[in-house]
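Notes for the one structure printed next.
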2 protein chains.
Amino acid sequence: MLKAERHKYIMTKLIEDQKVVTTDLALALDLSEDTIRRDLNELDSKKQLEKVYGGAVQVKQKSANVFDIAISAEEEKKKIVTKALSLLHDDQVIIMSGGSTNLVFAKLIPADLKATIYTYSLPIAMQLSQHPNIDLIFIGGKMQKNAMVTIGMDVIQVVSKIKADICFIGASSINIKQGLTEVGYEISIVKKAMIEASDRVVSMFASNKLNTKMPHGVCDLTQLDTIVTELEPEDERLDEYRKSGVFIL
Amino acid sequence: MLKAERHKYIMTKLIEDQKVVTTDLALALDLSEDTIRRDLNELDSKKQLEKVYGGAVQVKQKSANVFDIAISAEEEKKKIVTKALSLLHDDQVIIMSGGSTNLVFAKLIPADLKATIYTYSLPIAMQLSQHPNIDLIFIGGKMQKNAMVTIGMDVIQVVSKIKADICFIGASSINIKQGLTEVGYEISIVKKAMIEASDRVVSMFASNKLNTKMPHGVCDLTQLDTIVTELEPEDERLDEYRKSGVFIL
DNA sequence: CTAATAAATGCACGATTTTGCAGTTTTAAG
DNA sequence: CTTAAAACTGCAAAATCGTGCATTTATTAG
């Protein structure tokens, strides 16, 4: 086994378990503890981990970089959004709201798709700006700092003039009675406008958003055309939603 | 067996196993380890793999991540923009154009500054969205993909309504006769509008931009109030600029 | 086809890297 | 304070590497 391999193994193990123990590694890799210690020291000096007595722990990344956006459960989200790729066609006019699920979606849009996309989310715009065939239009306005999206009258005004074919709306919460709901008032208003502006409305989210509720209403279920989760469309947890006429992908 | 064949075999093997070992390859291909080593060194210098002690591993692809923006000569740019921090005051209305120098500037804006900033650059907006006390307004429009800025009529329209105290304009090129010039027509138009909208105009750039020229004019030197470079203000390379009335920081 | 030239290969040998071990020091917990 | 585990240090054996050089193989010009 090459040293480089070992280092990779150690780093993988470290991410899995949040820590590594010198003696365990020596046993697992069939090497002396001295060698493991030397490896850990080396990785420590390269700032890839932090050595502690008995092993090593993850280096606390100082994320001083705004630009690396952490996406939780990225693999699961990939599964969800992949289903929705079939909804995309050339020459569509598309509106995308924010959220990490939509961001993952943006990453996976095929390079040969020719379409026009409106968005008000900085990260999504960054992502799409490297797509070769998308006409990208950013909806300007006052920035909502934490969500990195624009809000306010300027946004509403622009959105209300769009005639879009399809709209991908991120969901904070969804339930049978109130439909989509949001934590922020400003964003709920903008999402309303986006839904109004589109022929078809799609919402993608993980199933833990089902049957939850936030203060501000966006729209009720009848206004959604399609919802996409990681569940099978026939899953019983979606029964109620299916009955209300939403198509489930 | 030809060398090219061997290289192909090695690369295939590398993808299959995530690694190759010098001794194994020598045995499998019935060649001396020296030859294998020479092959690996060659492939390493062509960046097709990474040689390590005992063999080689796959090159770690540099995260095809849109979000990590490479800034060349960041330290030099820090030196430049630090000089300009003294121009910032609370309650100013500020316009910032794009460019990596402005991006470095955005990073260094003190956390306690309370101001309003307009920008049309995605990276700068991302950066400033982290700032606790800046009111940030993004100027929407069609995205110019490579520069990650918005362009077009929508942008002009918004900019023309701004009354800003100070404007930080990135420079592609500057010279005595033509003043600021740009490579793209669209961007030159937007920058013109930004300059019009501001009481005071500041441009920051490295000295290698001095005495160069691009196709599209933005403004002449008289419209610039201050320029900032890494040079001492008294440097003779700036003599001509100083004579034309620009303040040099 | 032949001769001249360039490229590739294998070998020898000194230099470098890696690794485990023994002895000593440091650390953390009772 | 005591003690056992963990870490560090120096060292030697083994593996791997780089380089100069001779030999073989391939290429090109005439």
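Note that the structure is predicted; figures quoted are calculated from it, not measured. Note on naming: letters A, B, ... go to the chains in the order of the sequence lines (proteins, then strands), and numbering restarts at 1 for each one.
With ring centers used as reference points, A:Tyr120 lies 6.0 Å or more from A:Phe138.
In this structure, the NZ atom of A:Lys19 is 15 Å from the C1' atom of D:dA6, given to the nearest Å. Rounding to whole angstrom units, CG of residue B:Leu40 and P of C:dA8 are separated by 15 Å. Atoms CG (B:Asp34) and P (D:dT19) sit 12 Å apart, rounded to a whole Å. Between the P atom of C:dA12 and the CD atom of B:Glu33 lies a distance of 13 Å, rounded to the nearest Å. In this structure, A:Ile36 atom CD1 and D:dA6 atom P are separated by 13 Å, rounded to whole Å. Straight-line distance from the CZ atom of A:Arg37 to the P atom of D:dT9: 12 Å, rounded to whole Å. Rounding to whole angstrom units, CG of residue A:Asn41 and C1' of D:dC8 are separated by 9 Å. Atom CG in B:Leu2 sits roughly 9 Å away from atom P in D:dA26 (whole-Å rounding).
At distances below 3.5 Å, not a single donor-acceptor pair connects side-chain atoms of B:Asp44 with backbone N or O atoms of B:Leu40.
For residues 23-32 of chain A, proximity to DNA chain C is found at A:Leu31, A:Ser32, defined as any non-hydrogen atom under 4.0 angstrom from a strand atom.
B:Ser172 and B:Glu182 share a donor-acceptor pair across their side chains, judged by distance under 3.5 Å alone.
Residues A:Thr150 and A:Val190 have side chains not in contact (no heavy-atom distance under 4.5 Å, counting atoms from C-beta outward). Side-chain contact between A:Lys13 and A:Ile10: absent, with no pair of heavy atoms (C-beta onward) separated by less than 4.5 Å.
For the OP1/OP2 pair of C:dT19 and a distance below 4.0 Å, the side-chain nitrogens and oxygens of A:Lys3 include no atom meeting the criterion. Applying the 4.0 Å criterion to OP1 and OP2 of D:dA7, one finds that A:Lys51 has a side-chain N or O inside that range. For B:Thr35, a side-chain nitrogen or oxygen approaches OP1 or OP2 of C:dG10 to under 4.0 Å. For A:Arg38 and D:dA6, the shortest distance from a side-chain N or O to OP1 or OP2 is not below 4.0 Å.
For D:dA7, its base never sits under 3.5 Å from the side chain of A:Tyr53 at any donor and acceptor pair.
A:Val52 comes within 4.0 angstrom of sugar-phosphate atoms only, judged by non-hydrogen atoms across all strands, and of no base. Among the protein residues, B:Asp39 comes within range of no part of the nucleic acid, since none of its heavy atoms lies under 4.0 Å from any strand.
Classification of the B:Phe105-B:Phe168 ring pair by plane angle, with boundaries at 30° and 60°, yields tilted.
The structure places NZ of A:Lys8 at 5.0 Å from CD of B:Gln18, a figure rounded to the nearest 0.5 Å.
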